[in-house]
Amino acid sequence: MQSQIVAVTVSDLRNIKEGDEVVLNGWLQEIRLLKNISFLVLRDHTGTIQITSKPDTTSGYDKLAQMTRETVISVTGTLTRKTQSKSGIEVLCKSIKVLNASKSPLPLGIIDPVSADIETRLTNRFLDLRKPEVALIFRTESELLWGMREFFHDSGFVEVHTPKIVAAATEGGADLFPVQYFEKQAYLNQSPQLYKEILISAGMNRVFEVGPAFRAEKHNTPRHLNEFTSIDIEMGFADHHDAMHMLQEGIKSGLKHLVSHRPDIVASLSQQVEVPVGDFPKITYRECIRKLDSHGEAVKFGDDFTPEQLKLIGAEFTGFYFITEWPSSLRAFYTHPKPGDETVSNSFDLQYREFEITSGAQRVHDPAMLEERLRSKNLNPDDFSFYLNAFRYGMPPHAGWGLGLERLSLIILNLQNIREAILFPRDRTRITP
RNA sequence: GCCCCGGUAGUGUAGUGGCCUAUCAUACGGGCCUGUCGAGCCCGUGACUCGGGUCCAAAUCCCGGCCGGGGCGCCA
């Protein structure tokens with residue numbers, strides 16, 4: 001790339017003058033050879049452009065026939081808008097250099113009309129991700145997350161990174177992956193929960209973390225992953241109402257950032273993206289039971305809702321909604337009971353249709369209550385002393401939540417399978433690529 | 001953990017006992033075509049997950065293995 005001409009991206013071509021010489025680097029997406037003229041389509045991370053090549057103006061024209069799809073090429077040519085191409089712009093090829101040839105046939109076609117199974121796609125994820133519509137998922141996710149980060153940062157939150165290799169036994173609920181840590185038994189953390197709380201005791205006041213969470217659950221569904229990205233916050237001197245407010249505003253900020261900074265992304269999504277206006281509606285667990293009752297679904301207090309029941313509840317709302325005041329028996333030990341009605345808790349889930357996106361609550365801050373709650377869940381407080389100690393020397397009241405990033409992408413992009421929302425999913429059977 | 005379902009060319013499929021030396025599309029190879037853009041037309045290459053069994057006969061039925069998908073539970 002010793003050329004004086006600076007390489008440009010496909011999207012840059014819009015602003016380039018007729019007749020200007022350009023260099024484009026990218027993949028040879030397709031090649032149509034006719035007798036005395038050939039059309040190539042070059043793709044880079046910004047789009048595709050037709051490269052027109054003629055024997056008398058392209059050096060090495062006869063080598064085109066040997067080129068395979070997805071070969072990495074560098075094209076030098078002149079831009080013209082006097083074209084019959086549908087985009088109204090094309091590059092007349094002077095020379096084309098093969099930077100790295102691609103094997104053929106491809107294990108997965110980038111633009112083939114036949115669609116591959118998700119299995120084939122994931123095995124060949126590097127090819128799958130070359131599809132603009134697949135790449136778009138991750139560009140969207142990045143923008144969403146960036147907007148949320150900005151919001152939490154501006155709201156006084158400190159971004160932290162807590163250990164993923166932990167000693168503690170389970171918090172209850174999900175199973176943990178054991179790892180051998182030298183001579184000790186350790187586990188991959190199922191959530192940063194306990195560490196976030198310790199940081200509140202440490203006086204950091206407001207923390208957030210974006211990181212992996214591991215669940216050793218043998219589920220095999222389109223909405224579960226064994227490694228997912230958890231966005232977590234914890235705030236001191238706050239209750240569940242404050243946490244819900246932060247969640248609502250955080251999600252809105254993510255969407256706002258996406259819509260305002262990348263209207264191009266939003267426009268090319270198959271799914272319409274809108275920033276919710278106003279407060280997300282709230283419904284209590286008990287109200288849900290009453291609603292389900294009117295649908296002929298009998299739910300006992302203390303039962304969790306089935307996916308079918310959540311669909312019925314979700315049908316009553318157009319977008320995000322909170323289900324609040326869950327029975328204490330259904331929530332983790334650190335969930336604060338509701339004062340005056342301790343059978344329920346100061347807890348909430350953020351839902352979108354039948355999908356649970358976030359789980360949060362005001363946390364127990366009183367060490368005696370916390371120990372009692374541990375015992376009531378058949379957990380041994382001795383196993384949690386590293387955590388309980390943080391509550392014994394001045395722990396502020398606090399609240400927080402954890403949000404599944406892939407689930408958020410799933411619902412915002414209306415994906416059919418959560419594996420679509422993560423680059424390299426770790427599911428029941430897959431650990432490669 | 002429980003319960004269902006599936007595995008046919010590179011990719012995606014049709015075929016549920018003989019009509020299968022296995023369908024179609026796409027991809028791939030070759031040929032024709034001065035402007036294509038889901039290019040078109042012609043020719044060609046290419047596959048029954050593995051092992052055992054039943055049967056005159058198995059892609060097809062049975063058993064087991066391997067690999068995968070989905071539902072429930074649990075959860076983000």
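Per chain, numbering begins at 1; letters A, B, ... match sequence-line order.
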Between [X] and [Y], does at least one N-O distance fall below 4.0 Å, as a salt bridge requires?
| X | Y | answer |
| --- | --- | --- |
| Arg43(A) | Glu70(A) | yes |
| Lys338(A) | Glu325(A) | yes |
| Lys82(A) | Glu90(A) | no |
| Arg215(A) | Asp175(A) | no |
| Arg223(A) | Glu356(A) | no |
| Arg69(A) | Asp112(A) | yes |

Mind checking if [X] touches a base, just sugar-phosphate, or nothing, with heavy atoms under 4.0 Å?
| X | value |
| --- | --- |
| Glu30(A) | sugar-phosphate |
| Leu408(A) | nothing |
| Ile357(A) | sugar-phosphate |
| Ser85(A) | base |
| Gln351(A) | nothing |
| Ile51(A) | nothing |
| Thr68(A) | nothing |

With pairs defined as Watson-Crick or G-U wobble and both distances under 3.5 angstrom, please note down RNA chain B as a dot-bracket string, | for pairing with another strand. (((((((..(((.....[.....))).(((((.......)))))....(((((..]....))))))))))))....
Between G35(B), G71(B), C75(B), which one does the side chain of Gln50(A) approach most closely? G35(B)
Under-4.0 Å side-chain N/O to phosphate OP1/OP2 contact, [X] with [N]:
| X | N | answer |
| --- | --- | --- |
| Asn124(A) | U11(B) | no |
| Lys35(A) | U34(B) | no |
| Thr358(A) | A76(B) | no |
| Arg215(A) | C75(B) | no |
| Arg121(A) | G12(B) | no |
| Ser115(A) | U11(B) | no |

Any idea how [X] and [Y] line up, ring-wise: parallel (<30°), tilted (30 to 60°), or perpendicular (>60°)?
| X | Y | answer |
| --- | --- | --- |
| Phe208(A) | Phe157(A) | perpendicular |
| Tyr387(A) | Phe384(A) | perpendicular |
| Phe280(A) | Phe320(A) | parallel |

To the nearest 0.5 Å, what is the distance between CG (Leu225(A)) and CG (Asp427(A))? 7.5 Å
Sub-4.5 Å side-chain heavy-atom contact between Leu388(A) and Glu371(A): yes
Pairs: protein N or O with nucleotides 64-68 of chain B N or O, under 3.5 Å:
from   : atom 1 : to        : atom 2 : distance (Å)
G68(B) : OP1    : Thr429(A) : OG1    : 3.4
G68(B) : O3'    : Glu119(A) : OE1    : 3.1

Rounded off to whole Å, could you give me the CD-to-C1' distance for the Glu354(A) and C72(B) pair? 15 Å
Can you check the distance between [N] and [M], where both ends of the measurement are the [atom1] atom (answer in whole Å)?
| N | M | atom1 | result |
| --- | --- | --- | --- |
| A58(B) | G51(B) | P | 15 Å |
| U60(B) | U16(B) | P | 12 Å |
| U26(B) | A39(B) | P | 10 Å |
| G70(B) | C55(B) | P | 39 Å |

Between A76(B) and Phe228(A), is there a base-stacking contact, meaning the centre of the base's six-membered ring lies under 5.5 Å from the residue's ring centre while the planes stay under 30° apart? yes
Kindly indicate whether the side chain of [X] and the base of [N] share any N or O donor-acceptor pair separated by less than 3.5 Å?
| X | N | value |
| --- | --- | --- |
| Arg69(A) | C28(B) | no |
| Lys54(A) | G35(B) | yes |
| His224(A) | C74(B) | yes |

